[in-house]
Amino acid sequence: MAQKVAVLGTGKIGEALLSGMIRAGWSTDDLLVTARRPERAEALRARYGVETVTNAEAAKSADTLILAVKPQDMAALLSELAPHLPADRLVISAAAGVPTSFFEERLPGGNPVVRVMPNTPVLVDEGMSVISAGTHATEDHLLRTEAIFKPVGKTLRVPESQQDAATALSGSGPAYFYFLVEAMTDAGILLGLPRDKAHDLIVQAAIGAAVMLRDSGEHPVKLREAVTSPAGTTINAIRELEKHGVRHALIAALEAARDRSRELASGEG
Ligand SMILES: NC(=O)C1=CN([C@@H]2O[C@H](COP(=O)(O)OP(=O)(O)OC[C@H]3O[C@@H](n4cnc5c(N)ncnc54)[C@H](OP(=O)(O)O)[C@@H]3O)[C@@H](O)[C@H]2O)C=CC1
Ligand SMILES: O=C(O)[C@@H]1CCC=N1
């Protein structure tokens, strides 16, 4: 019989995963979702044709539960689930910061727990999902987790000690690129281009650069050098980036994201 998977907390990342699973061919008969607000549940039912249930019902009837609520809402969700959750059910958490030990302490039956940090490009099957096993999770549980996340992008297994760093780089990563595109589009406006043209030029430069990074096997320094002609335009831009400490800013930004992920470990504020 097919495994039933429930997505609990179907917000931005929960819905992105749900839509990815449906694209990947999961039958909606094997999917359950939960939502806090009735109107949200109704919208998900209408959009995807999935059954919406309570958290307690999901705990009773799903083989795998994907918990996609905010870290701050996780303790309350677990106290709803714990009385109903059979010990063999796989619990996958997508929450930033929250360690597998947090779940293991609140699920005394010894449920297998897998921590995953996905990112929003799962919406276009170009996600990255970084995966770590908790104490009771076996190879089989990791394979079941990968079966859910691989169709919507790449997966990478890391020791849990690397999850806060992975969250800073990969979970939050798309936001940095959107920020850069937004800023460079503004630069295009300053240089006199219409906004839509500036946007298209920068987005295509980003796509081209990303594909070259992925497919050429070249180091990013080599790729940048190939763009940087002697006494040309690019080196003038690079000089400004270095002068304004952009490298330093990026390192500090990712360090701050890593630190925030560590703070979220307590499941509070
Ligand atoms: N957004 C992203 O790019 C990524 C997010 N994550 C992680 O995913 C989790 C969700 O983030 P995100 O999707 O951005 O946040 P959202 O606020 O969009 O989604 C969280 C959802 O959970 C619902 N919810 C809260 N409590 C319950 C409950 N008890 N039962 C059912 N549903 C509940 C909320 O309902 P309501 O709408 O009523 O508030 C909301 O729809 C976080 O832990 C985050 O760290 C991980 C990787 C990437
Ligand atoms: O900003 C956040 O906390 C979540 C986790 C990673 C991406 N978004």
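Ligands are counted one by one from 1 in listed order, and the atoms in each one are counted from 1 as well.
- Distance from atom 25 (C) of ligand 1 to its nearest protein heavy atom, with residue and atom name: Arg36 CZ, 3.5 Å.
- Of the inter-residue distances, the one linking Leu32 atom CG with Thr52 atom OG1 reads 9.0 Å to the nearest 0.5 angstrom.
- Distances between N or O atoms of Ala35 and those of ligand 1 include no value under 3.5 Å.
- Atom CZ in Arg89 sits 11.5 Å away from atom NE2 in His141 (nearest 0.5 Å).
- Ion pairing of Lys154 with Glu126 is absent here, as no side-chain N (NZ or NE/NH1/NH2) approaches a carboxylate O to less than 4.0 Å.
- Ligand 1 does not have Met74 within reach: every non-hydrogen atom of the residue lies 4.0 Å or more from it.
- Distance CD1/Ile202 to CZ/Phe177: 13.5 Å, rounded to 0.5 Å.
- Listed by number with element, the atoms of ligand 1 under 4.0 angstrom from any heavy atom of Ala96 are 43 (O), 45 (O).
- Residue contacts with ligand 1: Arg40 is placed with no nitrogen or oxygen under 3.5 Å of a nitrogen or oxygen of the ligand (distance criterion only).
- Classification of Lys243 and Glu240 as a salt-bridged pair holds, one side-chain N sitting under 4.0 Å from a carboxylate O.
- Close approach of ligand 1 to Glu80 is summarised as follows: ligand atoms under 4.0 Å from at least one heavy atom of the residue are 29 (N).
- Looking at Ala175, Gly171, Pro118, Gly14 and measuring to atom 47 (C) of ligand 1, the nearest heavy atom belongs to Pro118.
- Relative to atom 3 (O) of ligand 1, the option among Thr120, Thr167, Thr54 with the closest non-hydrogen atom is Thr120.
- A donor and an acceptor atom, one from each side chain of Arg144 and Thr64, are located under 3.5 Å apart.
- With respect to Glu15 and Arg40, a salt bridge is recorded, a charged nitrogen being found less than 4.0 Å from a carboxylate O.
- For atom 4 (C) of ligand 2, the protein comes within 4.0 Å by no heavy atom at all.
- Annotation for His244: atom NE2 counts as buried by contact number, over 12 foreign heavy atoms lying within 6.0 Å.
- Checking only distances, Met117 never comes within under 3.5 Å of ligand 1, N or O to N or O.
- At a 3.5 angstrom cut-off on N or O pairs, Arg37 counts as close to ligand 1.
- For the residues Gly11, Pro121, Gly97, the heavy atom positioned nearest atom 19 (O) of ligand 1 is part of Gly11.
- Ion pairing of Glu263 with Arg258 is absent here, as no side-chain N (NZ or NE/NH1/NH2) approaches a carboxylate O to less than 4.0 Å.
- For the pairing with Ser132, the side-chain hydrogen bond (donor to acceptor under 3.5 Å, both in side chains) check across Gln163, Glu160, Gln162 returns one residue only, Gln163.
- Ranked by closest heavy atom to atom 6 (N) of ligand 1, the top entry among Ala76, Ala94, Ser129, Pro174 is Ala94.
- Every atom of ligand 2 with a heavy atom of Ala96 under 4.0 Å away is listed here by number and element: 5 (C).
- Checked against a 3.5 angstrom limit, the closest N/O atoms of Val69 and ligand 1 fall inside it.
- The line from CG of Leu67 to CZ of Phe103 is 6.0 Å long, rounded to the nearest 0.5 Å.
- Of all the atoms in ligand 1, the ones that sit under 4.0 Å from a non-hydrogen atom of Ala68 are 9 (C), 10 (C), 20 (C).
- Considering each of Asn55, Val33, Thr10, the one bringing a non-hydrogen atom nearest atom 30 (N) of ligand 1 is Asn55.
- Considering Leu8, Thr34, Val98, Leu17 only, the shortest heavy-atom separation from atom 31 (C) of ligand 1 involves Thr34.
- Residue Thr155 holds its OG1 atom at 3.0 Å from NZ of Lys150, rounded to the nearest 0.5 Å.
- Scanning the protein heavy atoms around atom 13 (O) of ligand 1, the nearest turns out to be Ile13 N, 2.9 Å.
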